[in-house]
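Notes to accompany the following structure.
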Amino acid sequence: MTAPQKTPGWLDWYAGPSTPRLQLPPGAVDAHCHVFGPADRFPYAPERKYTPCDASREQLFALRDHLGFARNVIVQATCHGADNSALLDALEHSQGRARGVVTVRRSVTDGELQRMHALGVRGVRFNFVRRLVDFTPKAELEEIAQRIQPLGWHVVVYFEAADLPELWSFFTALPTPVVVDHMGRPDVRQPVDGPEFGRFIRLMQEHPNVWSKVSCPERLSMAGPPALHGERRPYRDVVPFARRLVEQFPDRVLWGTDWPHPNLKDHMPDDGLLVDFIEQIAPTPAQRQQLLVRNPMKLYWPDEG
Ligand code: 0GY
């Protein structure tokens, strides 16, 4: 089979990342990453909005070891639609060191959900980012949430900050923990104390079942690629946002690399530098222990945490 044509302008993940200066606590979890293909074994979904480069489970596990993580949470990427085969294959070969968050339709059977659970799936992802997916009707998502709740799973949501008002009532009615990807994608040109991020903080304040990934500075930053500035402390404009959440909600924040970084347009981050970024948003060892070990273990490995 010939390899599918990547989306024009696609940036491949960065091979040869540096060794982080920050030593991660033992048992650290990369709580947001993906596998892509390989397309010859796990073809991309016909309805996808982008075609990436391959990023295999072997490459993900090598990165995990290189950066000093112990575990991964692999999140279904939209380029695979609701076919979770690549993700489930990765879980199956992780020796218990990976958990998964899948995308399902209402047609999923109870038997399929049980099999996914046995392989390590602990959540479903609902995506509201228009450039990535055609929306699934909310009634269908509500039905899915009701069905996965008895399994002890949670719902991961991905949306743009401007859409939070419209999504608020849907999110706050979900019967499970709700984990927000990338801080709800704030516009970091706005003040951290401004109305937009204030709304997101209020969501977490008023709803103790809402968690946030304080991930993706490279996606949210407006400051440009770090190489341009020769910086080892890049993405400074994102720091106040992530730090606020780490300080205010220390027991409901997670962190992940987002490897292999789909759809970045201007640069591909060095994952070693991304790990070093954690020190800016969680400066104390106690904060990092919660962010990287205790919190993800509570959600994904509750029997071992
Ligand atoms: C991310 C972010 C993105 C993509 C996806 O599933 C996906 O395709 O999540 C994005 O393009 O912002 O979390 O990986």
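For this chain, numbers begin at 1 and follow the sequence in order.
Under the salt bridge (Lys or Arg N to Asp or Glu O under 4.0 Å) criterion, Glu92 pairs with no residue at all, not counting sequence neighbours. A search for ring pair (Phe, Tyr, Trp, His ring centres under 6.0 Å) contacts involving Phe171 returns Phe128, Phe159, not counting sequence neighbours. Remark: Gln289 pairs with no residue by the side-chain hydrogen bond (donor to acceptor under 3.5 Å, both in side chains) rule, at least two apart or across chains. Residues passing the side-chain hydrogen bond (donor to acceptor under 3.5 Å, both in side chains) test with Arg147, sequence neighbours excluded: Asp110. Shown here are the ring pair (Phe, Tyr, Trp, His ring centres under 6.0 Å) partners of Tyr158, two or more places apart in sequence or in another chain: His182. For Asn209, there are no side-chain hydrogen bond (donor to acceptor under 3.5 Å, both in side chains) partners at least two apart in sequence or on another chain. Scored by the side-chain hydrogen bond (donor to acceptor under 3.5 Å, both in side chains) test, Trp259 finds no partners at all (sequence neighbours excluded). Here Tyr300 pairs with His154 under the ring pair (Phe, Tyr, Trp, His ring centres under 6.0 Å) rule; sequence neighbours left out. In this view, Arg244 and Asp193 satisfy the salt bridge (Lys or Arg N to Asp or Glu O under 4.0 Å) rule, not counting sequence neighbours.
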Without placing hydrogens or testing angles, list every side-chain donor-acceptor pair under 3.5 Å for residues 65-72, not counting sequence neighbours.
unit_1, atom_1, unit_2, atom_2, d
His66, NE2, Pro17, O, 2.9
His66, NE2, Ser18, O, 3.1
Arg71, NH2, Glu304, OE1, 2.8

Pairs under 3.5 angstrom only: tabulate donor-acceptor contacts from the side chains of residues 28-35 to other protein residues two or more places apart or in another chain.
unit_1, atom_1, unit_2, atom_2, d
Asp30, OD1, His32, N, 3.3
Asp30, OD1, Thr257, N, 2.9
Asp30, OD1, Thr257, OG1, 3.4
Asp30, OD2, Thr257, OG1, 2.7
His32, ND1, Lys213, NZ, 2.8
His32, NE2, His34, NE2, 3.4
His32, NE2, Asp258, OD1, 3.2
His34, ND1, Val75, O, 2.7
His34, NE2, Asp258, OD1, 3.1

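Ring pair Phe126/Phe170 is tilted by interplanar angle, where 30° to 60° counts as tilted.
The closest donor-acceptor contact from the side chain of Asn295 to the backbone of Pro250 lies under 3.5 Å.
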Full working for side chain to side chain contact (heavy atoms under 4.5 Å, CB included) between Leu299 and Arg99: CA-CA 10 Å; Leu299 263 192; Arg99 295 288 192 244; over 6 Å; no
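Pairs of residues two or more places apart, or lying in two chains, that qualify as side-chain hydrogen bond (donor to acceptor under 3.5 Å, both in side chains) and include a residue from residues 165-177 are Lys138-Glu166.
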